[in-house]
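Heads up, the thing below is written out as structure tokens.
Note on naming: letters A, B, ... go to the chains in the order of the sequence lines (proteins, then strands), and numbering restarts at 1 for each one.
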Amino acid sequence: MIARVIVDVPSRQTDRPFDYEVPLALEGWVEAGSRVGVPFGGRVLQGFVVGVIPSEASEVDMSKIKPIAELLDPLPPLRPDLIELASWLSVKYCCTMIAALQAMLPAALKGKAERTVRLSESFEEQEPEAAAAVLLPDGLREWLRRSGPVKLDTLRERFPDAGAYVKAAIRIGLLEEQVAIRDKVSIRKVQTVIPPVDREGAAEALAAWPARAGKQRDVLAFMLDAEGPVPLQKLLADTGTTGSTVKALVDKGWLTMREVEASRDPYAGRTFQRTEPLPLTEGQQEVLKWIVASIDAREPKPYLLHGVTGSGKTEVYLQAIQRCLDQGLQAIVLVPEISLTPQMVERFKGRFGDAVAVLHSRLSTGERYDEWRKIRERRAQVAVGARSAIFAPFESIGLMIIDEEHESSYKQEESPKYHARDVAIMRAKQHGATVVLGSATPSLESFAAATAVRPSGNNGAGGGAPLLLAMPDRVAGRPMPPVTVVDMREELQGGNRSMFSRTLYAGLADRLERGEQSVLLLNRRGYSTFVMCRSCGYTAACPHCDISLTYHQKTRVLRCHYCGHSENAPSACPSCESEHIRFFGTGTQKVEEELAKLFPGIRVIRMDVDTTTEKGSHEKLLKQFGERKADVLLGTQMVAKGLDFPYVTLVGVVAADTSLHLPDFRSAERTFQLLTQVAGRAGRHELPGEVVVQSYAPEHYAIQTAQHHDYDAFVREELAHRRAMGYPPYCRLILVTMSHEQLPLLTEVGDRFAQRLRDAALAAGVYGRVDGTSGPRALDVLGPVASPIARMKDRYRFQCMIKYRGNVDATALLRETIRPFMEGSEGRGVQFGIDVDPHMIL
DNA sequence: AGCACGCCGACT
DNA sequence: GTCGGCGTGCTC
């Protein structure tokens with residue numbers, strides 16, 4: 001048999017299956033989805049089997065075909081549907097197959113070759129002369145004799161000069177070399193102790209136990225009470241002994257030890273209060289009815305659930321999932337990374353217990369792998385996680401929920417640059433599953449699709465337009481909090497030069513007096529600290545990238561976000577030697593100082609990049625705030641999402657329009673979403689809430705509509721703008737980024753590439769302007785222009801924007817045009833990056 | 001991506 | 001005259 005293998009080489013030239021012979025010993029074990037080690041161009045690599053065919057069906061010359069070196073997992077990590085999904089991903093997002101496959105699997109399964117050497121056992125005796133000719137340095141041979149197989153890397157570390165000897169020794173067979181794929185983490189093994197088989201005998205022995213071996217007696221007594229194997233760690237902890245005591249009992253034959261597989265459970269030791277389904281409001285019932293009917297019908301159907309903040313979407317999710325489980329189907333819940341807090345996990349674990357696997361980036365590689373295996377081995381039926389959990393290897397999915405559907409974290413910014421929403425809709429087709437996109441502020445793309453305003457001829461994931469479901473009311477009839485918009489220009493004219501308007505100041509003072517809490521949002525992107533000289537205007541920039549360096553207060557180091565370059569912070573300006581060099585803070589620091597000045601003794605928790613880099617710090621800060629250990633929670637975007645504290649009665653937005661005027665067509669949408677989300681943090685419980693929004697452009701529709709909690713009005717305005725400007729959802733975009741070390745070469749290749757693309761579009765009869773008034777089918781190529789970050793890692797960057805609408809297979813056109821640039825001499829080393837449906841235009 | 005094979009500069 | 005620079009080209 002021949003296995004068709006995708007090898008782990010992230011290059012377009014190797015982006016196709018290679019044929020390998022399945023050794024007789026592995027026949028029946030190697031199947032589509034298996035992970036294998038294969039020889040490839042003089043080394044051993046990891047690869048994924050995407051198909052197994054009879055030997056005669058291979059089109060490769062027999063003499064070229066090598067055998068598979070090893071099989072890496074007993075159970076293939078990939079299911080057939082995931083292989084199919086990977087092909088779809090690689091086509092839709094123009095990425096390599098290996099990148100698509102790897103995106104679906106936990107990092108633990110990215111094994112690398114490890115080379116080991118060991119002394120040949122018989123060689124020295126049989127060929128003493130040859131052995132003598134390769135006099136391995138003193139100590140090296142002795143070391144090898146003692147330690148058995150040794151990692152080549154380790155050997156190089158300890159004997160840096162031994163290279164030539166080792167090579168010669170391998171050549172004549174004195175040393176044997178072995179190459180195997182080694183995973184980043186392995187399946188965790190735990191020692192367990194097994195109770196005595198002869199319980200009566202043990203009991204008798206115990207009765208007559210010598211007094212001096214008291215510890216052994218305790219251990220044996222403990223084990224007699226045990227019903228089954230006891231983990232060694234637990235036994236030691238419970239009896240207060242050490243390993244030697246147990247070992248003595250093992251040696252005497254009373255106990256035996258065994259190694260068993262174990263999971264690293266990130267929630268070990270935590271018990272989750274079992275919760276029962278809550279009674280639903282009429283609105284919730286109506287929505288649930290639709291979803292349940294859809295799950296039962298097992299037809300792939302997407303729903304857009306537009307529910308205002310506090311309308312009880314999560315309870316609907318929980319009951320829909322229950323329906324799935326009752327039907328023997330599995331469910332996936334996606335939550336934005338930032339809101340995947342312990343409270344969120346608790347709601348799912350509380351309802352479904354051990355059937356829940358949790359997948360998020362804060363887990364260690366090993367923990368993630370174990371949670372993933374719970375799914376693969378059918379020990380879990382519900383996956384709750386961030387973006388990549390959409391690839392959970394379930395067998396038959398009934399429901400996929402994407403909560404806070406509008407969140408940009410569902411778009412992956414590295415290759416493959418997929419959007420979890422599109423993947424969900426594709427998987428739904430494969431499984432006959434229902435998709436629920438939930439949000440208080442649905443993305444314009446989803447809303448437009450659900451209301452049939454979309455570019456004609458959807459060539460995306462397809463699956464039909466989502467049906468719009470609405471939950472316009474908060475549970476228990478709680479009102480939306482009133483929003484006051486303060487015109488900061490008037491404040492300034494009125495003589496108030498502080499960053500707080502009189503309204504916000506009064507609000508804060510009032511909460512302090514009443515012992516209630518406030519949330520302050522500083523809506524600011526690119527909130528990192530940077531260094532500037534106040535005398536000459538010098539700013540510290542990365543020598544490899546066109547970007548300012550970020551100042552890290554703790555280590556007093558300047559670091560580049562893009563390439564990792566770091567240097568010590570200067571004490572004087574490197575340009576003019578002035579000492580007026582300043583570290584400009586995040587803005588939140590400034591607000592914090594101002595608060596301390598205005599309200600002496602105020603307790604502030606600041607949440608921004610500086611205070612949340614440490615693991616778990618995010619949760620710790622929120623916990624403190626929840627315990628009312630602070631009066632004000634001050635932060636960036638991250639305070640807007642999913643928080644629910646009963647004593648928060650005031651939400652202030654310090655400067656609402658800082659995100660409004662970014663050169664990005666989504667800036668109004670982002671601003672509206674942020675304001676609406678943050679406003680939803682107030683008055684979620686008995687105490688009524690209030691929101692104060694400070695702005696220099698209070699008349700802007702994004703702010704006006706957010707003030708009135710009027711999503712529909714916002715969408716109307718925004719859609720009109722998008723139509724006029726010819727932006728999504730009235731067209732689709734593909735961003736092509738090109739980079740090279742040499743600028744002239746890059747501009748030349750870039751221009752030619754754009755021209756080729758226009759020619760191709762012209763030949764296909766679709767070339768034309770794309771805006772609100774253009775015809776039903778058109779594709780336009782804008783640029784190339786210098787990227788907003790014009791240089792990164794010593795490479796210049798240019799980009800082209802492809803805009804198209806209607807039934808145009810733009811990715812196919814792009815792939816065909818790009819091929820000669822990638823493979824042939826035409827590209828001349830220019831690197832191409834493709835982002836389909838980009839989110840970051842900047 | 002690596003590693004090999006292949007043509008032109010600074011060394012024993 | 002050789003060692004080695006990294007420029008193309010292939011990997012089942």
| Of all residues at least two apart in sequence or in a different chain, which pass the side chain to side chain contact (heavy atoms under 4.5 Å, CB included) check with A/Arg43? |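 Expected list: A/Val9, A/Leu45.
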
| query | Do A/Arg427 and A/Leu82 have side chains that get closer than 4.5 Å, going by heavy atoms? | reply |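 SC-SC contact between A/Arg427 and A/Leu82 confirmed.
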
| field | Proximity of A/Tyr418 and A/Phe391 rings by center, below 6.0 Å | value | yes

Can you check nucleotides 8-12 of chain C for protein contacts, nitrogen or oxygen pairs under 3.5 Å, and list what you find?
from   : atom 1 : to      : atom 2 : distance (Å)
C/dT11 : O3'    : A/Gly41 : N      : 3.1
C/dC12 : OP1    : A/Tyr20 : OH     : 3.3
C/dC12 : OP1    : A/Pro39 : O      : 3.3
C/dC12 : OP2    : A/Lys66 : NZ     : 2.3
C/dC12 : O3'    : A/Asp19 : O      : 2.7
C/dC12 : O3'    : A/Lys66 : N      : 2.7
C/dC12 : O2     : A/Asp19 : N      : 2.7
C/dC12 : N4     : A/Arg16 : NH1    : 3.4
C/dC12 : N4     : A/Arg16 : NH2    : 3.3

| With distance as the sole test, does A/Arg758 use its side chain to make a donor-acceptor pair with the main-chain N or O of A/Val781 at under 3.5 Å? |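 Looks like yes, one N/O pair under 3.5 Å.
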
| field | A/Leu745 CG - C/dG7 P separation (whole Å) | value | 14 Å

| said: Under the salt bridge (Lys or Arg N to Asp or Glu O under 4.0 Å) test against A/Glu177, which residue among A/Arg118, A/Lys151, A/Arg115 passes? | reply: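 Among A/Arg118, A/Lys151, A/Arg115, the one that satisfies the salt bridge (Lys or Arg N to Asp or Glu O under 4.0 Å) with A/Glu177 is A/Arg115.
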
